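Inspection log for the structure reproduced underneath, given as structure tokens.
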There are 2 protein chains.
Amino acid sequence: MVESRIDSRKKKLGSKRAPVQERSRQRRDEILAATANLLDRVGFDGLTTTLVAKELGISVGSLYHYFPHKQAILHALGERWLEEYNAALAKLEEATRDNTDIEKWAAAAVRYVGEVYEEQRGILPLVQAMYAVPELRDLDDRHDEQVVSQLVPMFDRMKIAKSNSERERIAWLWLEMTHALFVSISEQDGARAKRSREDLKDLCFRLLEKWSV
Amino acid sequence: MVESRIDSRKKKLGSKRAPVQERSRQRRDEILAATANLLDRVGFDGLTTTLVAKELGISVGSLYHYFPHKQAILHALGERWLEEYNAALAKLEEATRDNTDIEKWAAAAVRYVGEVYEEQRGILPLVQAMYAVPELRDLDDRHDEQVVSQLVPMFDRMKIAKSNSERERIAWLWLEMTHALFVSISEQDGARAKRSREDLKDLCFRLLEKWSV
DNA sequence: ACCTGAACACCGTTCAAGT
DNA sequence: ACCTGAACACCGTTCAAGT
């Protein structure tokens with residue numbers, strides 16, 4: 001709710017400030033990309049600030065110019081995960097807006113959300129850690145919240161459950177269930193992953209069908 | 001003050017060895033108990049060897065007399081989790097031996113396995129880490145294997161699926177699904193947890209019913 | 001203004017020295 | 001035989017000093 005304090009000076013300093021901010025934003029992105037890259041290669045525990053700095057050819061101190069601490073880098077990466085996930089749900093909402101077929105919804109949901117898990121496969125160690133590491137725990141909570149609030153209206157449209165509190169509970173179930181399976185699926189080979197994804201779609205369908213009214 | 005309780009030459013039967021081993025085993029258990037206790041209080045990341053040593057009133061070096069490294073303590077604790085889980089499945093097998101009712105099986109499974117999650121609630125941070133930490137990963141793999149091999153015969157008896165490879169796949173699905181939900185449930189308050197457990201029972205039933213032949 | 005890297009506190013682990 | 005705790009390598013983080 002805080003109005004930007006920079007707005008008043010934007011006209012005057014805009015041209016001078018933008019490049020600096022742009023460069024800064026770019027560096028931040030570079031750090032995030034390098035971290036995501038290393039996360040995939042050395043794992044959550046193997047990740048060190050020295051390693052990230054070396055990967056970018058800068059000093060550790062420089063890293064701390066852009067992020068207050070290591071967790072902040074991981075946190076920003078987690079934010080990105082939330083955004084991608086939310087974008088997938090928005091696409092799902094869009095794609096299933098004018099049908100109430102539960103089975104089709106389940107298929108679309110598994111496809112769209114599954115794509116996120118595939119594309120972000122490298123940072124899954126981080127996503128898993130979100131639950132366990134206290135400093136990242138808020139991401140997990142927000143993720144839950146956001147997903148539930150996006151699913152409830154869709155469930156409503158599909159006439160699933162008779163109250164919103166029930167829909168919230170089912171949305172949570174759906175989230176936990178699909179998350180556990182997508183993470184496992186991300187480590188399976190192509191053929192098995194394909195079958196597992198079909199199983200999951202089916203499981204989603206059955207879950208929702210049960211509460212269909 | 002020196003007592004001649006040290007027998008330099010051991011007898012054939014080794015009857016004198018037992019007390020020493022017994023004492024050693026006891027210390028190991030104490031270390032495990034203290035670690036489990038701290039895990040619950042300070043979390044997976046907050047756990048340090050110094051802290052464990054302090055908790056027991058011994059030195060760090062002494063810790064390394066009983067375990068080669070920190071991960072070995074956690075590993076041993078993980079082994080215990082596997083044992084408890086397997087014991088629950090054995091009880092489940094025993095309790096459902098002479099019926100083929102899928103719904104009853106689902107109820108019993110959620111009850112017995114759920115008890116393990118409740119009793120071992122303190123070490124759930126560790127169980128979660130088993131997946132992410134490379135040194136503990138073998139526990140996760142063995143857990144998967146053991147659970148699947150215990151479930152397949154039960155599925156067979158209940159006439160679920162038409163081949164063992166299918167049963168293995170369903171067992172894996174069951175494991176991932178219930179694990180994700182049990183972990184989440186362990187953090188809910190009593191009333192909500194009760195409802196969630198019923199939802200889970202229902203979900204299990206529907207999962208198995210689908211493949212019932 | 002931005003970057004550097006030695007310095008600091010703290011971790012897991014070791015091992016010479018005590019009892 | 002068993003235990004101790006200073007010492008070591010390495011982590012995240014800081015900050016005086018460079019450009």
Side-chain angles (χ1 to χ4, degrees), chain A residues 6 13 15-32 34-35 38-39 42-77 126 129 133-136, chain B residues 1-10 14 16-32 34-35 38-39 42-77 126 129 133-136:
Chain A
I6 317 169
L13 297 173
S15 55
K16 285 266 166 67
R17 283 176 63 96
V20 175
Q21 286 187 347
E22 174 61 23
R23 237 177 75 79
S24 180
R25 201 192 54 78
Q26 224 170 293
R27 257 289 205 274
R28 274 180 63 97
D29 282 350
E30 281 171 21
I31 293 170
L32 291 181
T35 305
L38 282 169
L39 217 40
V42 304
F44 189 79
D45 282 1
L47 189 82
T48 67
T49 47
T50 330
L51 208 56
V52 176
K54 198 176 289 170
E55 179 82 1
L56 289 164
I58 62 176
S59 72
V60 242
S62 197
L63 223 54
Y64 283 82
H65 188 75
Y66 297 95
F67 292 94
H69 41 246
K70 184 189 176 188
Q71 297 289 7
I73 305 177
L74 297 172
H75 200 277
L77 225 40
L126 166 66
V133 178
E135 288 85 0
L136 303 174
Chain B
M1 200 54 86
V2 177
E3 310 231 355
S4 58
R5 56 185 179 78
I6 306 162
D7 54 328
S8 47
R9 76 185 96 166
K10 66 180 178 189
K16 287 271 163 76
R17 280 172 58 121
V20 177
Q21 288 187 346
E22 175 60 23
R23 237 177 75 78
S24 178
R25 201 192 56 76
Q26 224 169 293
R27 257 288 205 277
R28 275 180 62 97
D29 282 349
E30 278 170 25
I31 294 170
L32 291 181
T35 304
L38 282 168
L39 218 40
V42 304
F44 189 78
D45 281 3
L47 188 83
T48 66
T49 48
T50 330
L51 208 56
V52 176
K54 198 177 291 171
E55 180 82 2
L56 289 163
I58 61 175
S59 72
V60 243
S62 197
L63 223 53
Y64 283 82
H65 189 76
Y66 297 94
F67 292 94
H69 41 247
K70 185 189 177 189
Q71 296 292 6
I73 305 178
L74 298 172
H75 200 277
L77 225 40
L126 167 66
V133 179
E135 288 85 0
L136 303 174

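Naming convention: chains lettered A, B, ... in sequence-line order (proteins, then strands); numbering from 1 in each chain. What you are looking at is a predicted structure, and each value in this text was computed from that prediction instead of being measured.
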Exercise for review: Looking only at non-hydrogen atoms, find the nearest pair between Arg28(B) and Tyr66(B) and report the distance.
Suggested key: NH1-O, 3.4 Å
Practice item. Select base, sugar-phosphate, or nothing to describe what Phe67(B) touches, counting heavy atoms under 4.0 Å on all strands. Key: nothing
Check your understanding: So do the side chains of Leu74(B) and Val133(B) get within less than 4.5 Å of each other, counting heavy atoms only?
Key -> no
Practice item. Look at the side chain of Lys70(A) and decide which nucleotide, out of dC3(C), dT4(D), dG12(D), has an atom nearest to it. Key: dG12(D)
Check your understanding: With a non-hydrogen cut-off below 4.0 angstrom, is Leu63(B) in contact with a base, only sugar-phosphate, or nothing?
Key -> nothing
Review point. Under 4.0 Å: is that the gap between some side-chain N or O of Arg27(B) and OP1 or OP2 of dC2(D)?
Key: no
Practice item. Please report, rounded to the nearest Å, how far the C1' atom of dG12(C) is from the CG atom of Leu74(B). Key: 12 Å
Practice item. Would you mind reading off the distance between His69(B) atom NE2 and dT14(C) atom C1', rounded to a whole angstrom? Key: 14 Å
Practice item. Compare side-chain N and O positions of Tyr66(A) against OP1 and OP2 of dC2(C) and report whether any pair is under 4.0 Å apart. Key: no
Review point. Ser62(A) has a side chain; which of dT13(D), dC2(D), dT4(C) sits nearest to it?
Key: dT4(C)
Practice item. Please determine, for the side chain of Ser59(B), which listed nucleotide (dC2(D), dC11(D), dG5(D)) has the closest atom? Key: dG5(D)
Review point. For Lys54(A) and dT4(C), what is the distance between atoms NZ and C1' respectively, to the nearest whole Å?
Key: 15 Å
Check your understanding: Leu47(A) near the nucleic acid: base, sugar-phosphate alone, or nothing, with a heavy-atom cut-off under 4.0 Å?
Key -> sugar-phosphate
Point to revise | Pairwise distance CZ(Arg25(A)) to CD(Glu30(A)) - rounded to 0.5 angstrom | key: 10.5 Å
Exercise for review: Find the distance Asp45(A):CG to dC10(D):P and express it as a whole number of Å.
Suggested key: 17 Å
Practice item. Take atom CD1 of Ile58(A) and atom P of dG18(D), then tell me their distance rounded to the nearest Å. Key: 21 Å
Point to revise | Interatomic distance, Arg28(A) CZ vs dC2(C) C1' [rounded to whole Å] | key: 17 Å
**Study point:** Name of the residue among Leu39(B), Ile58(B), Thr35(B) meeting side chain to side chain contact (heavy atoms under 4.5 Å, CB included) with Val52(B)
**Key:** Thr35(B)
Review point. Choosing from dG12(D), dT13(C), dA6(C), which nucleotide comes nearest the side chain of Tyr64(A)?
Key: dG12(D)
**Study point:** Base partner of dC2(C), which must satisfy Watson-Crick or wobble distances under 3.5 Å
**Key:** dG18(D)
Revision key, fill the gap. Out of dG12(D), dA6(C), dC2(D), minimum distance to the side chain of His65(B) belongs to dC2(D)
Review point. With both distances under 3.5 Å as the test, what is the Watson-Crick or G-U wobble partner of dA7(D)?
Key: dT13(C)
Check your understanding: Taking the nucleotide of DNA chain D with the closest heavy atom to each, which residue, Val60(B) or Gln71(A), is nearer the 5' end?
Key -> Val60(B)
Review point. OP1, OP2 of dG12(C) versus side-chain N and O of Thr49(B): anything below 4.0 Å?
Key: yes
Review point. Arg27(B) versus Leu56(B): any side-chain heavy-atom pair under 4.5 Å?
Key: no
